[in-house]
Number of protein chains: 2
Amino acid sequence: MFQNLTYAKLFQDYLDLKHFPVSPSNLYDPIRYILSLSGKRIRPMLVLMGAALFDEKYIEESLPASAAIEFFHNFSLIHDDIMDKAPLRRGQPTVHQKWDDSVAILSGDGLLIQAYLELAKCPKEKVPQLLDVFNKLAVEVCEGQQYDMDFEKVDRVAESAYIDMIRLKTSVLLGGALQLGAILADAHPDAQELLYAFGVNLGIAFQLQDDILDVYGDPATFGKQVGGDILSNKKTILYVKLRDLATDADQEVLTNLLRTDLVAEPHKIEKMKDLYAKYDIKGSATRLKEEFTAIAYDKLHAIDVEMGRKDALFRLADALMQREQ
Amino acid sequence: MFQNLTYAKLFQDYLDLKHFPVSPSNLYDPIRYILSLSGKRIRPMLVLMGAALFDEKYIEESLPASAAIEFFHNFSLIHDDIMDKAPLRRGQPTVHQKWDDSVAILSGDGLLIQAYLELAKCPKEKVPQLLDVFNKLAVEVCEGQQYDMDFEKVDRVAESAYIDMIRLKTSVLLGGALQLGAILADAHPDAQELLYAFGVNLGIAFQLQDDILDVYGDPATFGKQVGGDILSNKKTILYVKLRDLATDADQEVLTNLLRTDLVAEPHKIEKMKDLYAKYDIKGSATRLKEEFTAIAYDKLHAIDVEMGRKDALFRLADALMQREQ
């Protein structure tokens with residue numbers, strides 16, 4: 001789909017050559033395991049595409065940075081899954097489920113440190129700058145995860161706070177991945193910044209789209225259970241907007257609906273969709289998504305390299321945002 | 001005692017100027033909390049002393065690296081305390097006890113990343129080398145923690161494996177702290193290596209001494225409950241050596257003793273000490289400790305700087321090893 005096969009293969013070949021120590025096995029087996037659950041490898045691909053945007057000759061030496069990003073992402077999955085008590089990840093048992101919490105905590109820590117080990121393999125003169133960008137996104141992803149957990153405990157979240165949470169939790173990693181590639185390719189700081197902003201805004205748009213598709217997606221193509229967010233009372237952009245707009249009476253309807261499950265209320269999903277429809281939540285969430293998508297495309301357009309070089313990134317963005325080319 | 005007051009104050013002043021963000025409070029409050037539980041700050045002091053050994057003018061610019069070491073140490077305390085289900089740390093509730101496991105996992109992650117943020121503040125041309133040393137010790141501390149957890153689940157551990165575990169879990173951090181200081185002071189690679197080896201061997205000797213004092217220490221000065229390791233069936237150098245030397249009959253006596261507690265066996269500590277005495281475990285553990293102490297002192301002697309500059313480190317080693325000066 002949106003996998004660029006050349007970059008994906010380059011990254012996979014690099015990963016296949018990587019040999020973690022055999023012992024202690026309870027530290028390194030979980031690391032090998034999570035990395036083998038084949039994700040889409042979007043983030044490491046972004047590092048390589050960020051470099052290739054300026055000059056293909058830097059792709060090869062961007063591989064360690066792409067591994068740093070993928071390792072960081074998988075570290076955060078291991079630890080988030082403990083906090084969320086998630087039993088499955090990519091259809092397989094999570095690390096804390098297959099082993100236990102202690103193993104998951106420590107192997108997550110180990111994988112985060114492995115990310116920094118990869119970063120240290122980059123060309124020496126670029127390491128300080130790469131480290132700064134990486135540290136910033138790493139701090140922000142932790143902040144985003146904390147806001148996400150905080151939000152689950154309250155009824156109302158301001159829309160701006162919700163957007164900031166998804167920016168921190170999921171989008172700065174995409175922007176940062178692209179920026180690492182740009183740094184490795186000696187891109188001008190202005191171009192680096194635009195590429196970062198492209199990634200961050202695209203990431204926010206993608207997350208908003210995910211919230212929308214969870215309720216309105218085609219069950220045949222969505223890949224997850226449609227309505228899953230409603231059933232688990234998840235805070236989404238739809239929920240946040242509904243809380244913002246609903247009358248006092250409907251606030252109460254909403255609060256009561258949140259207290260039910262499919263046994264008490266077999267039509268929970270439909271009733272929530274009725275509320276959404278009453279306030280055109282789908283429409284306003286979609287408009288918000290499109291605003292962020294438009295900003296992302298503008299940033300990519302504004303980068304000072306010839307248009308042809310941007311094709312791969314535009315195609316990736318189109319695929320992620322399910323836009324016709 | 002073994003606090004070098006000048007260095008300790010320098011570090012504390014640096015830490016006091018450090019302001020973590022206010023929000024999200026569930027991420028940064030636990031970080032502020034663990035750093036405020038006043039430890040002895042030995043590890044950050046070692047960074048400053050490692051630099052001062054070669055040239056006092058580098059002490060100031062070694063402060064961020066000393067913070068990196070202290071942050072890393074406190075990150076490992078937060079996560080280890082979750083894994084060990086420890087209720088108290090330095091007499092105060094542990095982070096996971098005061099908040100919860102999720103907060104402790106994420107704030108530990110955040111503190112580890114803060115360590116790398118401090119490292120990134122060091123002089124740019126030295127960052128790659130500092131990062132290599134830091135990454136190596138960070139990986140090894142995780143490996144040591146995993147071996148420690150693995151060992152708790154088995155009856156027998158080879159003495160060499162036990163020594164290697166304490167080297168990884170506790171000693172490489174001391175050696176690495178000193179080496180960071182040496183790198184910052186532009187020390188010759190040979191001197192760096194000797195200083196690292198001094199720290200590692202001193203760390204092993206100190207841990208062995210801790211095992212011995214837990215059983216044979218003076219209750220008035222030891223600070224912990226004497227016999228605590230015996231009551232909790234902890235693997236220590238004494239236990240490891242006893243398993244190595246005991247006859248088949250005494251292996252059984254030992255195994256049965258491990259199954260008891262103070263209710264079933266009010267004389268558990270005395271009975272274990274009888275077994276230790278039968279095989280002169282205290283003597284052979286003390287000799288092993290002294291071997292590592294001697295190696296440590298030899299390494300410090302071998303460093304090519306004038307003897308007077310080494311006084312502070314010799315005094316610290318004497319104090320840690322409770323040797324008369």
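Chain A is the first sequence line, chain B the second, and so forth, proteins listed ahead of strands; every chain is numbered from 1.
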Between B:L106 and A:H79, is there a side-chain heavy-atom distance shorter than 4.5 Å?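 No; the side chains remain at least 4.5 Å from each other.
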Are B:I82 and A:D101 packed together at the side-chain level, in the sense that at least one heavy-atom pair is separated by less than 4.5 angstrom?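 Result no, sub-4.5 Å side-chain heavy-atom pair not found.
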At a 4.5 Å cut-off on heavy atoms, which part of [X] comes close to chain A: side chain, backbone, both, or neither?
| X | value |
| --- | --- |
| B:S23 | both |
| B:L112 | side chain |
| B:N26 | both |

Parallel, tilted or perpendicular: rings of A:Y116 and B:Y116 (30°, 60°)
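B:Y116 and A:Y116: parallel rings.
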Notebook entry, point to check: Near B:E60 CD, under 6.0 Å, is it more than 12 heavy atoms from other residues, nucleotides or ligands?
Noted result: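 No, not enclosed.
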What do you reckon, is NZ of B:K18 surrounded by more than 12 foreign heavy atoms closer than 6.0 Å?
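Yes, the 6.0 Å shell around NZ holds more than 12 heavy atoms from other groups.
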Item checked: Between B:D84, B:I105, B:D150, B:D100, the one whose heavy-atom pairs under 4.5 Å with chain A are most numerous ->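 Most heavy-atom pairs within the cutoff with chain A belong to B:I105.
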Enter the distance from B:S76:OG to A:D109:CG here, rounded to the nearest 0.5 Å.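 Going from the OG atom of B:S76 to the CG atom of A:D109 covers 9.5 Å.
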Anything in residues 128-149 of chain B with a heavy-atom distance to chain A below 4.5 Å? Please list those residues in order.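 Contacts with chain A: B:P128, B:L131, B:D132, B:N135, B:A138, B:V139, B:C142, B:E143, B:Q145, B:Q146, B:Y147, B:M149.
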Between A:E125 and chain B, with a heavy-atom cut-off of 4.5 Å, which part of the residue counts as in contact: side chain, backbone, both or neither?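 Contact with chain B involves no heavy atom of A:E125 at all.
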